[in-house]
Amino acid sequence: MYSNKENVNILTSLLSTFGVRHAVVCPGSRNAAIVHNLNECPEITCIPVTDERSAGFYALGMALGENLPVIVCVTSGTALLNLIPAVAEAYYQCAPLIVISADRPPQWIDQLDGQTLPQPDALGRFVRKAVTLPEPHNEEEHWYCNRLVNEALLETLHHGGGPVHINVPITEPLFEFTVKKLPEEREIDCTANELSEDEAAAVTLHFLQAERPLLLSGQPLNALMDEAVYLVADDESYTPDFVLNMGGSVVSKRLKQYLRRAKESWLVNEAGTMADPFMNLTYIIEGCRSDVEDYLTTVLEVRKIDFVEKWKDLLDRIRDHVNAYQPDYSQMAAVKLFEKKIGQAEDMYVHYANSTAIRLANTYAEHEVFCNRGVNGIDGSLSTAAGFSCVTDKKVFCVIGDLSFFYDQNALWNQKLRGNLRILLLNNGRGGIFNTLKGLENSEARDTLVAAKHHTTAEGICAQNKVDYMKVKSMRDLKKGIEKLVDSKSRRPMLLEVFTDVDEDTRVVKDYYESLKQVKI
């Protein structure tokens with residue numbers, strides 16, 4: 001039996017029709033009718049998460065893992081506001097997140113009634129579409145409610161996709177479940193814009209006509225580009241005149257500044273929206289990046305471009321140096337050993353948290369990397385990986401620093417997690433990246449207030465959440481620990497905590513960049 005709330009039933013019916021199959025649900029009374037319907041709907045599987053902030057990232061990880069829309073459902077009031085970090089990340093990753101919030105009737109907003117605040121448009125510009133459903137009393141209002149749900153759901157995948165917000169006011173009584181069957185609702189479909197072969201050919205021609213063209217892929221991978229720019233910053237012969245930017249976030253600030261020296265850049269993205277990180281954008285191509293890359297790669301296999309070959313040769317020599325360079329025991333050594341162990345990661349998925357972790361991935365990863373670089377926050381990296389692990393049977397690895405891990409530790413507070421979630425925790429007792437920021441060493445506040453110095457470990461957190469725990473403090477133990485983390489079978493998540501010294505981590509990175517000067521340009 002379903003709820004007797006018509007707007008809830010219209011919404012549930014269309015969610016099922018649109019092929020939505022997973023919902024992350026949070027506790028509450030005002031959203032109970034929605035949660036009841038989602039649980040009652042045979043096509044939808046519900047995963048409970050108590051912490052709304054974590055729930056948003058769970059749903060984000062699931063949406064990324066399936067590349068399909070995923071629901072996160074919360075009750076009224078501040079519960080909705082806790083989703084903003086995950087929704088902002090989903091917006092910049094174009095992830096199809098469906099935020100469904102229960103709401104109080106509008107007449108009670110701002111009247112000192114419990115759990116009431118203005119919820120329409122509460123997520124601001126971080127959603128592609130925000131609608132508030134009426135509670136229908138006639139056919140016209142039913143049609144309007146149906147239209148609003150269709151409009152919102154279409155936007156989750158339109159022009160590259162992204163998050164949407166469906167706000168559902170519900171009047172009391174809340175808990176009457178008397179409807180035997182969901183209504184058959186009108187579904188509105190759309191045809192996505194696709195990049196034609198002629199358009200791909202035109203982009204390729206422009207690339208070939210440039211004297212010094214450069215093809216750049218952002219997230220999930222722009223490996224070794226930071227190292228290359230470090231070496232060639234003063235050599236104008238490596239500076240491109242045209243950059244074909246395939247979209248996604250560029251981690252390296254050094255690389256972004258370097259590419260601003262190019263005459264122009266073109267951007268390829270499915271949304272057709274403008275992003276100008278290099279300050280020289282002249283053209284936006286609305287289409288799938290892989291279509292352009294595949295077409296261009298095929299052409300370049302036949303027609304060689306001296307500038308492209310020059311860059312390929314440089315990156316190959318840097319890669320040889322990276323493979324040969326053996327860092328001392330440190331976070332860098334941990335990531336190198338981990339990446340060497342997993343290789344091309346063809347039968348697994350790898351998530352990296354922000355800050356130091358993703359920067360080390362850019363040096364060592366030779367496969368697709370997932371990372372919340374949309375807005376670059378440390379919140380939710382673990383929850384995103386955990387949510388991802390819920391919708392795949394393959395192993396999902398999360399390489400994460402200590403502050404990111406402890407901030408998001410509630411990600412492990414979930415009974416649905418299985419042994420395919422593996423965590424490599426890099427713990428040097430603070431935000432180590434702050435040791436690398438020039439000038440900050442002169443502040444007495446750096447260690448305790450800016451870098452959040454601490455003496456916390458993950459052992460107790462793992463014990464209370466039934467996560468298999470290991471720790472290492474030496475290179476010998478590190479090798480064994482990584483082998484066990486990658487190869488062992490387990491019914492529960494596994495975590496390897498790597499303890500390092502922050503000053504030693506900083507020294508190793510500096511030594512690494514100094515060693516790069518051995519590579520001839």
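Counting only distance, with no hydrogens or angles, the side chain of K336 and the backbone of Y325 share a donor-acceptor pair below 3.5 Å. Distance alone, capped at 3.5 Å, is enough to place a donor-acceptor pair between the D408 side chain and the S383 backbone. For R492 (side chain) and K466 (main-chain N/O), a donor-acceptor pair under 3.5 Å exists by modelled atom type. Formation of a donor-acceptor pair under 3.5 Å by the N414 side chain with backbone atoms of P48 is found in this model. Checked by atom type and distance alone, the side chain of E497 pairs as donor or acceptor with a backbone atom of A458 at under 3.5 Å. Side chain of S443 to main chain of L440: no donor-acceptor pair is present (N/O by atom type, distance under 3.5 Å, no hydrogens or angles). A donor-acceptor pair under 3.5 Å is formed between the side chain of E89 and the backbone N or O of V375. Panel note: side chain K395, backbone V486; a donor-acceptor pair is recorded below 3.5 Å.
Salt bridge annotation for R254-D226: present, with a cationic side-chain nitrogen under 4.0 angstrom from a carboxylate oxygen. A salt bridge is absent between E483 and K480; no separation between the charged side-chain nitrogens and carboxylate oxygens falls under 4.0 Å. A salt bridge does not link D313 to K310: none of the charged side-chain nitrogens sits closer than 4.0 Å to a carboxylate oxygen. R212 has no carboxylate O lying under 4.0 Å from a charged side-chain N of D306, or vice versa, which leaves the two without a salt bridge. Taking a cutoff of 4.0 Å between a charged side-chain nitrogen and a carboxylate oxygen, D347 and K394 do not qualify as a salt bridge. Contact check on D477 versus K471 returns no salt bridge, with no Lys/Arg side-chain nitrogen under 4.0 Å from an Asp/Glu carboxylate oxygen.
Residues F338 and F397 bring their aromatic ring centres within 6.0 Å. Aromatic ring centres of F406 and H454: separated by under 6.0 Å.
Using a 4.5 Å heavy-atom threshold, the side chains of F405 and L412 count as touching. No side-chain heavy atom of T384 sits less than 4.5 Å from a side-chain heavy atom of F370. Side-chain contact check for V498 versus Q331: every heavy-atom pair is 4.5 Å or farther apart. Y238 places none of its side-chain heavy atoms less than 4.5 Å from the side chain of V229.
If you run ring-ring contact (aromatic ring centres under 6.0 Å, His included) between F242 and each of F278, F307, W266, only W266 comes through.
A 6.0 Å sphere centred on CG of N442 holds more than 12 heavy atoms belonging to other residues, nucleotides or ligands.
The CG atom of N362 sits 7.5 Å away from atom OG of S252, with the distance rounded to the nearest 0.5 Å.
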